[in-house]
Amino acid sequence: MLRFLTAGESHGEALVGILEGMPAGIRIDVSDINKELKRRQEGYGRGQRMQIEHDRAKILSGLIKGVTIGSPIAILIKNKDFSIDKLPAVKNPRPGHADMAGILKYGFNDARCVLERASARETAARVGVGAICKILLEEFNVSIISRVLTIGGAKSEKSIKDKIDEAGKSRDTLGGVFEIVIKGVPPGLGSCVHWDRRLDASIAEAIMSIPAIKGVEIGNAVECSSKLGSEVHDEIFYSERKGIYRNTNNAGGIEGGMSNGEDIIARGYMKPISTLMDGLKSIDIDTKKPSKASTERSDVCAVSAAGVVGEAMMAFVISKVFLEKFGGDSILEINRNHKGYVAGLKI
Ligand code: EPS
């Protein structure tokens, strides 16, 4: 089974990702991982931390001469801003962040003990792990891309930039929507049999796990919820040349919890970043008196970065179900299984 774990605090020494279950025989080029890490750092509206860090991965295990050997792959990303023991206590929890719930949960009297791990910086490790999953999927011509659809309700590049500038000037923040499209997924990944193996459920969980994501949409779910069935369902056709095909993809490539061979489309709805430069109403956790929420260095907007993290999470989920279906210990074995299955589909 493919699984991963991350460790690391935002201002700790490093972030670590451990990916287990990758088959043997895949060539991993660290520069492909670094490209993805760089993409996560970009996007209009990112904060000063992104100018400090130049995220680069070091692979600590799982490879010999750049090729996977089937053992866990550990990735290390060092933090330039390694200052965790010198940073001040945070006494005024930020509404929307993990601060308050974390203080209550662990019995801390300092939100720093919560926010260091809850910070979206953790997603750098996920992107490292996802980059390796992307390399596996590329072997089978599966590609994953993301784009920003809206930010603060704005759609065009110009109006998005204006919105972010405006929010930054007024010391505020913005959220938005990103979309992920996955091409080349064969039909039949996931399951119609068990709730916890449905592909759409796994995708929703993976996207929802990204910090600040409060909603997930598969295909045109929101629009379709107010339409008739006859207007929504993707009718099925067949031709000698194309085989089985559809003219629409409202289902976002998933029917009955399984991929149906169409592009998989998912959207993540991100709330505005919860660190505001003019803190919202909060309390001092020692005195319980009203006090403005703490301000930490942060982004005005990170929707584009969340899209890159979304790609990584999708790469992991698709790799997981892909290996469940075609699983084997080596890429050769998986190739055989995949080829046989795809050949059998040609009816
Ligand atoms: C982030 C690193 C953080 C924040 C941001 C994302 O670094 P710092 O706190 O040192 O500025 O910029 O974190 C959050 C938005 C958050 O809510 O914690 C990163 O690497 O993505």
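This one's a predicted model, so the numbers in the text were calculated from it and none came from an experiment. The residues of the chain are indexed from 1 along the displayed sequence. One-based numbering, in listed order, for ligands and for the atoms of each.
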Colleague: For atom 3 (C) of ligand 1, what is the nearest protein heavy atom, given as residue, atom name and distance?
Modeller: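 For this ligand atom, the closest protein heavy atom is Ser119 OG, 3.8 Å.
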
Colleague: Just to confirm my output: which protein heavy-atom neighbour is closest to atom 9 (O) of ligand 1, and how far is it?
Modeller: Arg297 O, 3.5 Å

Colleague: Out of Asp200, Leu189, Val142, Ile203, which residue meets the side chain to side chain contact (heavy atoms under 4.5 Å, CB included) rule with Ile264?
Modeller: Ile203

Colleague: Run the contact test for Ala120 against ligand 1 with a 4.0 Å cut-off on heavy atoms, strictly below, and give the result.
Modeller: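 Ala120: in contact with ligand 1 (<4.0 Å).
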
Colleague: Could you check whether Asp172 and Ser170, counting side-chain N and O atoms only, form a donor-acceptor pair closer than 3.5 Å?
Modeller: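 Ser170 vs Asp172: no donor-acceptor pair found between side chains.
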
Colleague: Looking only at N/O atoms, are Asp81 and ligand 1 under 3.5 Å apart anywhere?
Modeller: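 Min N/O separation from ligand 1 is not below 3.5 Å for Asp81.
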
Colleague: Looking just at side-chain N and O atoms, do Glu262 and Asn249 make a donor-acceptor pair shorter than 3.5 Å?
Modeller: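 No pair is found: no donor N or O on one side chain lies under 3.5 Å from an acceptor on the other.
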
Colleague: With no hydrogens and no angle check, just 3.5 Å: does a side-chain donor-acceptor pair link Ser330 and Arg336?
Modeller: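 No, Arg336 and Ser330 have no side-chain donor paired with an acceptor closer than 3.5 Å.
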
Colleague: Keeping Asn250 on the side-chain end and Val232 on the backbone end, is there a donor-acceptor pair under 3.5 Å?
Modeller: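 Answer holds: yes.
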
Colleague: Using a plain distance cutoff, I'd like to know if Thr123 has any nitrogen or oxygen under 3.5 Å from a nitrogen or oxygen of ligand 1.
Modeller: no

Colleague: Can a donor-acceptor pair be found between the side chains of Arg171 and Thr295 at a distance below 3.5 Å?
Modeller: no

Colleague: Has ligand 1 got any nitrogen or oxygen that is less than 3.5 angstrom from a nitrogen or oxygen of Arg121?
Modeller: yes

Colleague: What part of Met50, side chain from CB on, backbone N/CA/C/O, both or neither, has a heavy atom under 4.0 Å from ligand 1?
Modeller: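 It is the side chain that gets close, since no backbone atom is under 4.0 Å.
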
Colleague: Using heavy atoms and a 4.0 Å limit, tell me yes or no: is Glu53 in contact with ligand 1?
Modeller: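 For ligand 1, residue contact (heavy atoms, under 4.0 Å) with Glu53 is absent.
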
Colleague: Taking the minimum heavy-atom distance to atom 20 (O) of ligand 1, which of Arg49, Arg40, Gln48, Arg94 ranks first?
Modeller: Arg40

Colleague: Residue-level breakdown please: for His97 versus ligand 1, do any non-hydrogen atoms fall below 4.0 Å on the side chain, on the backbone, on both, or on neither?
Modeller: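 Under 4.0 Å from ligand 1, His97 contributes side-chain atoms alone.
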
Colleague: So, does Asp299 sit close enough to ligand 1 that a heavy atom of it is under 4.0 Å from the ligand?
Modeller: yes

Colleague: Return yes if a side-chain donor-acceptor contact under 3.5 Å exists between Ser274 and Arg94, otherwise no.
Modeller: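 Judged by distance alone, the side chains do not pair up.
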
Colleague: Counting from 1, what ligand 1 atoms have a heavy atom of Ser298 closer than 4.0 Å?
Modeller: 15 (C)

Colleague: Count the heavy atoms of every other residue, nucleotide or ligand shown that sit under 6.0 Å from CD of Glu157, and state whether that count exceeds 12.
Modeller: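 For Glu157, atom CD is not crowded (no more than 12 foreign heavy atoms under 6.0 Å).
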
Colleague: Under 4.0 Å from a heavy atom of His11: which atoms of ligand 1 are those, numbered in the order shown and with their elements?
Modeller: 8 (P), 9 (O), 10 (O)

Colleague: Look at the rings of Phe322 and His338 and say which category their plane angle falls in: under 30° parallel, 30 to 60° tilted, over 60° perpendicular.
Modeller: tilted

Colleague: Less than 4.0 Å is my threshold; does some heavy atom of Ala302 fall inside it relative to ligand 1?
Modeller: no

